[in-house]
Amino acid sequence: MNAHPQQIWTDWQAQQRAARISTADLLAEVGLSAADFPAGVLAAPDFPVSAPPHFRSLIRRGDPGDPLLRQVLARGEEALPQPGRLTDPLEEADYRAAPGLLRKYRSRALMIASGACAIHCRYCFRRHYDYGAAMLTRAGEAEALAAIAADPAIEEVILSGGDPLSLNDARLDGLVTAIAAVPHVGTLRLHSRTLMTIPDRVTPALIRLLTGTRLAVVIVAHSNHANEISADVAAALGRLRAAGVTLLNQSVLLAGVNDDAATIAAHARRIFAAGMLPYYMHLTDPVDGAAHFDVDEGRARLIEAELRGMLPGYLVPRFVREVPGRTAKTPLADLS
Ligand SMILES: *Cc1c(COP(=O)(O)O)cnc(C)c1O
Ligand code: SF4
């Protein structure tokens with residue numbers, strides 16, 4: 001049963017505001033209580049988590065092992081010290097080219113366009129991120145754009161975050177217009193999970209904004225499980241496809257969510273049916289508080305090999321890990 005009829009949620013910004021919920025209220029909404037979990041596993045009942053109503057409506061009721069629930073439910077162990085885990089695992093602080101601009105790879109620059117996400121994924125490598133210093137501010141924006149304009153090697157600008165689709169259309173339009181004014185930039189890319197969590201974000205105004213630019217537009221969505229691709233999500237993806245947007249999906253390989261070949265294959269087929277191709281499957285970064293999601297490299301290799309036997313090559317995501325200091329993401333096969 002859907003606890004949140006879609007017709008009352010036409011305003012995407014209201015859905016964004018409605019994402020915050022206590023652990024106890026989230027459990028009650030999906031027909032569970034703390035007693036359904038081993039003692040001491042969960043965070044305190046009043047611990048706030050974030051997941052928009054649409055995403056919550058896709059959680060199976062009464063199933064403590066639900067793969068969507070697991071992505072947003074906070075665990076008590078997150079707060080315990082985890083030796084060897086880092087708050088900035090990718091050493092991104094070293095790649096700051098201008099305020100809000102990360103320049104790690106030669107042909108593309110990444111803008112931390114927003115520090116906000118409607119959903120708070122418990123495995124997120126940016127969960128300890130110091131957005132205060134790293135994020136694009138209105139004041140820093142001119143400097144970031146000047147850095148892009150000054151470097152003809154930059155062919156693609158990636159709006160990331162956080163989630164760039166948590167920005168309102170006016171702010172997004174301002175950024176896209178300014179980027180399109182740089183002649184050597186040909187491609188605009190958005191990294192966004194909002195397509196899955198608030199499909200109503202894909203409004204006619206957003207479509208106009210994306211079709212109105214001279215830039216080729218690529219959206220790399222982020223979903224991890226077939227259950228995230230609801231009919232509403234598929235419809236939103238269809239609107240983007242009809243607007244000529246190239247749609248790719250990245251996932252994170254997460255223990256207890258998608259760490260077996262059959263689950264990943266079902267997800268790949270589902271996103272393909274919705275008009276997207278798989279792009280990356282990221283191995284988790286050693287971020288503090290998320291060790292319970294780790295899948296070791298040996299197991300990841302077995303899963304990848306099994307997938308190659310199950311799917312056409314274009315539906316097998318590229319398994320990668322980010323290694324600080326490398327000039328591109330590193331394929332799993334090249335990791336020692
Ligand atoms: C992942 C990433 C990119 C994009 O890399 P692609 O391999 O082109 O997807 C760009 N900049 C940074 C900082 C990144 O982490
Ligand atoms: S949507 Fe992406 S950036 Fe935001 S919390 Fe989830 S993984 Fe992190």
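Note that ligands are numbered from 1 as they come in the structure, with each ligand's atoms numbered from 1 the same way. As a basis for the values below, the full set of heavy atoms in this structure was taken, side chains included, without hydrogen atoms, waters or symmetry mates.
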So is there a nitrogen or oxygen of His191 less than 3.5 Å from a nitrogen or oxygen in ligand 1? no

Regarding atom 10 (C) of ligand 1: of the candidates Tyr105, Tyr279, Tyr95, which has the closest heavy atom? Tyr105

Check whether the side chains of Gln13 and Asn168 place a donor and an acceptor atom closer than 3.5 Å, and report yes or no. no

Please determine, by modelled atom types, if His54 and Ser230 share a side-chain donor-acceptor pair under 3.5 angstrom. yes

Are Tyr105 and Ile158 connected into the same hydrophobic cluster when the rule is that any two of I, L, V, M, F, W, Y join if their side-chain heavy atoms are below 4.5 Å apart? no

Indicate, as side chain, backbone, both or neither, the part of Tyr280 found under 4.0 angstrom from ligand 1 when only non-hydrogen atoms are considered. side chain

If you look only at pairs with a residue in residues 313-336, which of them pass as a ring-ring contact (aromatic ring centres under 6.0 Å, His included), with sequence neighbours excluded? Phe272-Tyr314

Looking at atom 6 (Fe) of ligand 2, is one of the N, O or S atoms of His120 less than 2.8 Å from it? no

Arg171 atom CZ: more than 12 heavy-atom contacts under 6.0 Å: yes

Can a side-chain donor-acceptor contact be found between His184 and Glu155 if the only test is distance below 3.5 angstrom? no

Do any N/O atoms on Lys329 end up under 3.5 angstrom from N/O atoms on ligand 1? yes

At a 4.0 Å cut-off, with the gap strictly under it, does some heavy atom of Glu156 reach an atom of ligand 1? no

If the cut-off is 4.0 Å to any non-hydrogen atom of Lys104, which atoms of ligand 1 fall inside it? 13 (C)

Do Asp163 and Ser166 have a side chain donor and acceptor closer than 3.5 Å? no

Does ligand 2 have an atom that lies less than 4.0 angstrom from a heavy atom of Asp163? no

Any side-chain donor paired with an acceptor under 3.5 Å for His267 and Ser223? yes

Side chain or backbone of Val220 under 4.0 Å from ligand 1, or both, or neither, by non-hydrogen atoms? neither

Considering Gly161, Ser166, Cys124 one by one, which has a heavy atom nearer to atom 8 (Fe) of ligand 2 than any of the others? Cys124

Can Arg103 be said to touch ligand 1, with heavy atoms closer than 4.0 Å? no

Proximity to ligand 2 by part of Cys117, non-hydrogen separation under 4.0 Å: side chain

Could you list the residues that satisfy ring pair (Phe, Tyr, Trp, His ring centres under 6.0 Å) with Phe293, not counting sequence neighbours? Tyr123

Any atoms of ligand 1 less than 4.0 Å from a non-hydrogen atom of Ile158? List them with their elements. 3 (C), 4 (C), 10 (C)

Show me which atoms of ligand 1 lie under 4.0 Å from any heavy atom of Arg108. 5 (O), 6 (P), 7 (O), 8 (O)

In a check of side-chain contact (heavy atoms from CB on, under 4.5 Å) between Ile219 and each of Leu159, Leu188, Val245, which one passes? Val245

At a non-hydrogen distance cut-off of under 4.0 Å, which region of Arg189 contacts ligand 1 (side chain, backbone, both, or neither)? side chain

Atoms of ligand 2 under 4.0 Å from any heavy atom of Ile119, numbered from 1 in the order shown, are 1 (S), 5 (S)

